[in-house]
Amino acid sequence: MSERKVLNKYFPPDFDPSLIPRRKGPKNSQQVVRLMAPFSMRCNTCGEYIYKGKKFNARKETVEGEDYYGIKIFRFYIKCTLCSAEITFKTDPKNTDYAAEHGASRNFEPWREEKVVEEEDRLARLEEEENNPMKALENRTVDAKREMDILDALQDIKARNARNDRAGQSIDLVARVTAEEVETEEDRQRRLEEEEDNEIVRQVFTKMSMPAQPGLPSTSASSEASAAASSVSRTVTVKRKADDVEPDVLSLLPQSSRTALDAKSTTTAKKAKLDLKNKLGIKVAKKGKVAV
């Protein structure tokens, strides 16, 4: 069994399409098509209304002897949904529409009547101007006056729109300047608050340098220079008490820091005493030895 949907078909080598006989059908054969009603209509037999968009199985044929500048006109046959009476309509290329032909009448459409009235008025005016030159001059004068009024109204609208745009731009500028001023005031207030906070921090916290405690192991071998610098002195942050009495700085330090400071002061005092003895030429003899 062959496939149902194929792209290529097999043609034998001895295939000759000219040997295939052509089928001769009727010259004006009808085709069955599926369509929707192009307009609302009413059946003339039973009075049933058929609305636009209703689907039908219709027969289509070409109208013989009618065309519009070489464009073919087609006729469609449908049946009424109630009495099955035959209804026909055909295409109207001139108005890009459809025209009811037999079995039904088209419903009233006000927009179509307006177009018809406008077209009739235009044709009547052209015919009148051909027969009466003074009427043609009057019509041209009226048309020129109408065009001038339209141009004046258009100019007024443009001027009003330009004025509104300028007013809108000025309002936007004022709003932008006001927003910048408010933002500047907020920045100034924020900066003052930050300065006040920094001042409070400086009043509560203080920093003082103190010698490093000997014998502390270094954290890494690569930080030997920083360890040598920190062995001389290091900075300690001391928190003050939140009262009016200024406490002693040493009383605020921890016990280990106070011990390190006392050891440093004692070492400094001993070194100063030894320097003074050396300057005076006094030698201190140790026990069990006599000074020479």
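Numbering of residues begins at 1 and proceeds along the displayed sequence. Source: prediction; values computed, not measured. What's counted below: heavy atoms across the whole structure, side chains too, no hydrogens, waters or symmetry copies.
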Identify the heavy atoms of [X] and [Y] that sit nearest to each other, and give their distance.
X	Y	value
Tyr51	Ser40	CA-OG, 3.9 Å
Arg34	Asn57	NH1-OD1, 2.9 Å
Cys43	Cys46	SG-N, 3.7 Å
Ala104	Asn44	N-ND2, 3.3 Å

Check: Below 4.0 angstrom, N of the basic side chain to O of the carboxylate: do Asp97 and Arg106 qualify?
Finding: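 Salt bridge: yes.
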Check: Is any side-chain N of the basic residue among Arg125 and Glu129 closer than 4.0 Å to the acidic one's carboxylate O?
Finding: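 Yes, charged N to carboxylate O under 4.0 Å.
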Side-chain contact test, heavy atoms from C-beta onward, threshold under 4.5 Å: evaluate it for [X] versus [Y] and give yes or no.
X	Y	answer
Met41	Ile50	yes
Gln31	Thr62	no
Cys80	Ile87	yes
Leu35	Lys55	no

Next item on the list: Report the residue from Glu66, Glu86, Glu61 that forms a salt bridge (charged side-chain N to carboxylate O under 4.0 Å, His left out) with Arg75.
Entry: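 That would be Glu61; it is the only one of Glu66, Glu86, Glu61 passing the salt bridge (charged side-chain N to carboxylate O under 4.0 Å, His left out) with Arg75.
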Note to self: As a test of understanding, state which of Arg140, Arg146, Lys145 forms a salt bridge (charged side-chain N to carboxylate O under 4.0 Å, His left out) with Asp143.
What the structure shows: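 Option passing the salt bridge (charged side-chain N to carboxylate O under 4.0 Å, His left out) with Asp143: Arg146.
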Separation between [atom1] of [X] and [atom2] of [Y], rounded to the nearest 0.5 Å:
X	Y	atom1	atom2	answer
Lys94	Ile71	NZ	CD1	12.5 Å
Lys54	Ile78	NZ	CD1	10.0 Å
Asp187	Leu192	CG	CG	11.0 Å

Margin query: Using the rule given for side chain to side chain contact (heavy atoms under 4.5 Å, CB included), can you reason through Thr88 versus Glu101, listing the C-alpha separation, both sets of side-chain angles and the distance that settles it, and then say yes or no?
Written below: CA-CA 6 Å; Thr88 63; Glu101 188 178 22; 3.6 Å; yes
Next item on the list: For Arg23, check side chain to side chain contact (heavy atoms under 4.5 Å, CB included) against everything at least two apart and list the hits.
Entry: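 Result, side chain to side chain contact (heavy atoms under 4.5 Å, CB included) vs Arg23: none returned.
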Next item on the list: Determine which pairs satisfy ring-ring contact (aromatic ring centres under 6.0 Å, His included) with at least one residue from residues 54-86, sequence neighbours left out, and list them in order.
Entry: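 Every pair satisfying ring-ring contact (aromatic ring centres under 6.0 Å, His included) with a residue in residues 54-86: Phe76-Phe89.
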Note to self: Between Asn131 (side chain only) and Glu127 (backbone N and O only), is there a donor and an acceptor less than 3.5 Å apart?
What the structure shows: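 Judged by distance alone, yes, a pair lies under 3.5 Å.
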Item checked: Backbone of Glu128 reached by a side-chain donor or acceptor of Asn132 within 3.5 Å ->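 No; judged by distance alone, with no hydrogens or angles, the pair does not exist.
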Margin query: Tell me every residue that passes side-chain hydrogen bond (donor to acceptor under 3.5 Å, both in side chains) with Glu119, counting only those two or more places apart in sequence or in another chain.
Written below: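 Here the qualifying residues are Arg122.
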Item checked: Any side-chain donor near an acceptor of the partner, Arg42 and Asn107, under 3.5 Å ->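 There is no such pair between these side chains.
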Note to self: For Asn95 and Asp92: C-alpha separation, side-chain torsions, deciding distance, then whether side-chain hydrogen bond (donor to acceptor under 3.5 Å, both in side chains) applies.
What the structure shows: CA-CA 6 Å; Asn95 300 318; Asp92 186 8; 2.9 Å; yes
Margin query: Looking at Phe39, I want to see if its CZ is surrounded by more than 12 non-hydrogen atoms of other residues, nucleotides or ligands under 6.0 Å.
Written below: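 Correct, the count exceeds 12.
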Check: Considering residues, nucleotides and ligands other than Glu64, do more than 12 of their heavy atoms fall under 6.0 Å from its CD?
Finding: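 Counting neighbours around CD of Glu64, more than 12 heavy atoms of other residues, nucleotides or ligands fall under 6.0 Å, so yes.
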Note to self: With side chain to side chain contact (heavy atoms under 4.5 Å, CB included) as the criterion, how do Lys60 and Gln30 come out once you've worked through the C-alpha distance, each side chain's angles and the decisive distance to 0.1 Å?
What the structure shows: CA-CA 5 Å; Lys60 183 185 75 170; Gln30 294 181 351; over 6 Å; no
